Structures are given as C-alpha cells and as structure tokens.
Amino acid sequence: MISSLKKVFWFSIVVFGSTSFGLAQSIFFEVPSTPYDRQMERVQPTLAAPSGYSIDGISFALVNEWMIELRAMPYRYSREWRTPSEVEAARAADCKGKALALYDRMQLNGAANVRFVIGKRRANDSLTHAWLEWDTETGTVLLDPTFNWTATLKASDPRSYVPFYGYEGAHKFQAATTLQVNRNIATRSPVAPSTGTITRPTRSASRARSSSWLFDEGSSDPKFFSYRSAF
C-alpha cells in the first residue's frame, strides 16, 4: 500500500507514458524470441493488440480500481495461459492471468509504455512471477494485481521484482538480469510463472472489456516458477 499522501498525489493527476526506457529501474534489450514464446501463443493477440485512445489519458484512480478488482479476484492456477476474456468470465486467475487482464484494460484505454514482465518477485524465490511495469513521466510504476492493491513506484531494490523478460506489443525484451541467469542454467530450459490456490472474495466488474516454459503448481501462497526443464 502506498501512503495516504502518495494516494492523494496519484489520484489527483493524469499520467501519460513516457517514450523512453530511461526511467525504468531495469535495462531491457529487444530480442527476436524468448523461451516463453510457444507457451504464450494463445495470448499474443492481447499483447499485440493496437492501443485504444483516451482524450484525457488514464488516471491512477482508474488503474487502482482495476488493481483492487483483480487483487480481490480468487487466485486460481492455470497451466494454460488464459486470455483476458477467459479471466473475466471465470472471475478467477493466477498471476499471469491477472497481469494480462490488467495489460488489456490499460491498452484498450490508451496507456502507452506498459510492459508485461516475467521475473521473480524476490531474488531468492525459487519460482517466477508475472506483473506489469508502466513507464511514466513520474517514473516506472509497478502493477502487481496478484499481491498489491494499488499502483506503486518501482523501488530501486535489486532484490525485489527482478525482471527476466518483458513484452510490449509485438516487441520482446530480455532484461540485463537474465544474463547471469542464462549462464547459471546453461542448456537447461527455464519455467514460466506459477500459481497457488488462494481464495479471496470477488468484487463487481469494473470498466474494461503459452517456448515452452510451463507453469509449476504452487503451494497455498503464490510463488514463482522454478528454472527446470519443461520441454
């Protein structure tokens, strides 16, 4: 949760995405492919869909409404990547489903410079996680509807929210942090973000409308995919 003072600040402004990765906490390099490409085929249309248009831009108040709705949605693991429409119909999702649903709403409403990210929530986690990063004029905003109720500025902490790969539209990126990971796993194939079985009360719907790494079944808490062969 962000402080009351920050809430007032965020809710009182309308933010437009910046045009550079310079404000991001992590360095991304565009790549032709990632280990997740085959697994993510069924959701690629969501990532590559043309952005909508909003005259007034997207307010943090609206984004936080979506965050609250998705955070309250029961957590349900799916080995298969679910599309935003499937998440809306089921009213339950894992980390990748919730993050993609939020990505879809933001794209449809004109947000720019929003990345879907796969990495680790904590550096020492054995499994991976999925969230969004939004580059704005204020800084890189972290959007994790699996764990957080509101948008927050991404902290300069190398031990939390460590990105491996990013996806924005038809573009794919590899984070600098994956260079060491790739050296460590050598020829093994990593695994994508997983989920557990968390049940939370649902809220009313808000405005809005799967390479080869597979997701591991998590425990009672959401955890993140371990790097092991999934082929």
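Note that the coordinates shown come from a computational prediction; the quantities given were computed from them, not determined experimentally.
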What closest approach, in Å, do [X] and [Y] show between heavy atoms, and which atom pair accounts for it?
{"X": "Thr150", "Y": "Met67", "answer": "O-CE, 3.3 Å"}
{"X": "Ser51", "Y": "Ala111", "answer": "OG-O, 3.6 Å"}
{"X": "Thr46", "Y": "Pro84", "answer": "OG1-CD, 3.3 Å"}
{"X": "Lys120", "Y": "Ala123", "answer": "CD-O, 3.9 Å"}
{"X": "Leu143", "Y": "Trp131", "answer": "O-CB, 3.6 Å"}
{"X": "Phe116", "Y": "Ala99", "answer": "CE1-CB, 3.6 Å"}

Taking the side chain as everything from C-beta on, heavy atoms only, tell me whether [X] gets closer than 4.5 Å to [Y].
{"X": "Glu133", "Y": "Val141", "result": "no"}
{"X": "Phe164", "Y": "Gln174", "result": "no"}
{"X": "Tyr75", "Y": "Met73", "result": "no"}
{"X": "Arg38", "Y": "Ser33", "result": "no"}
{"X": "Leu100", "Y": "Leu47", "result": "yes"}
{"X": "Trp134", "Y": "Arg115", "result": "no"}
{"X": "Asp144", "Y": "Lys98", "result": "no"}
{"X": "Asp37", "Y": "Tyr167", "result": "yes"}

Can a salt bridge be assigned to the pair [X] and [Y] using a cut-off of 4.0 Å between side-chain N and carboxylate O?
{"X": "Glu80", "Y": "Arg82", "result": "yes"}
{"X": "Arg91", "Y": "Glu86", "result": "no"}
{"X": "Lys172", "Y": "Glu30", "result": "no"}

Test log, rule salt bridge (charged side-chain N to carboxylate O under 4.0 Å, His left out), inputs Glu65 and Arg105: CA-CA 11 Å; Glu65 284 182 18; Arg105 295 182 188 187; over 6 Å; no
From [X] atom [atom1] to [Y] atom [atom2], the distance as rounded to the nearest 0.5 Å:
{"X": "Arg122", "Y": "Arg159", "atom1": "CZ", "atom2": "CZ", "result": "12.5 Å"}
{"X": "Thr146", "Y": "Leu70", "atom1": "OG1", "atom2": "CG", "result": "8.5 Å"}
{"X": "Trp149", "Y": "Ile68", "atom1": "CH2", "atom2": "CD1", "result": "7.5 Å"}
{"X": "Tyr77", "Y": "Asp94", "atom1": "OH", "atom2": "CG", "result": "7.5 Å"}
{"X": "Leu153", "Y": "Thr136", "atom1": "CG", "atom2": "OG1", "result": "7.0 Å"}
{"X": "His171", "Y": "Phe28", "atom1": "NE2", "atom2": "CZ", "result": "14.5 Å"}

Would you check if there is a donor-acceptor pair between the side chains of Thr140 and Asp135 at a distance under 3.5 Å?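 Judged by distance alone, the side chains do pair up.
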Test side chain to side chain contact (heavy atoms under 4.5 Å, CB included) on Ile118 and Lys96 and set out the steps. CA-CA 9 Å; Ile118 293 174; Lys96 56 189 184 290; over 6 Å; no
Tyr161 and His129 aromatic ring geometry - parallel, tilted or perpendicular at 30°/60° bounds: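 Plane angle between 30° and 60°, so tilted.
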Please step through side chain to side chain contact (heavy atoms under 4.5 Å, CB included) for the pair Leu142 and Asn148, ending with a clear verdict. CA-CA 9 Å; Leu142 177 69; Asn148 302 334; 4.2 Å; yes
Using a 6.0 Å distance limit plus a 45 degree cone around the ring axis, check whether Arg121 lies over the aromatic ring of Phe147.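 Verdict for Phe147: a cation-pi partner in Arg121.
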Ile58 and Val63: CA distance, side-chain angles, deciding distance, side chain to side chain contact (heavy atoms under 4.5 Å, CB included) verdict: CA-CA 7 Å; Ile58 296 183; Val63 172; 3.4 Å; yes
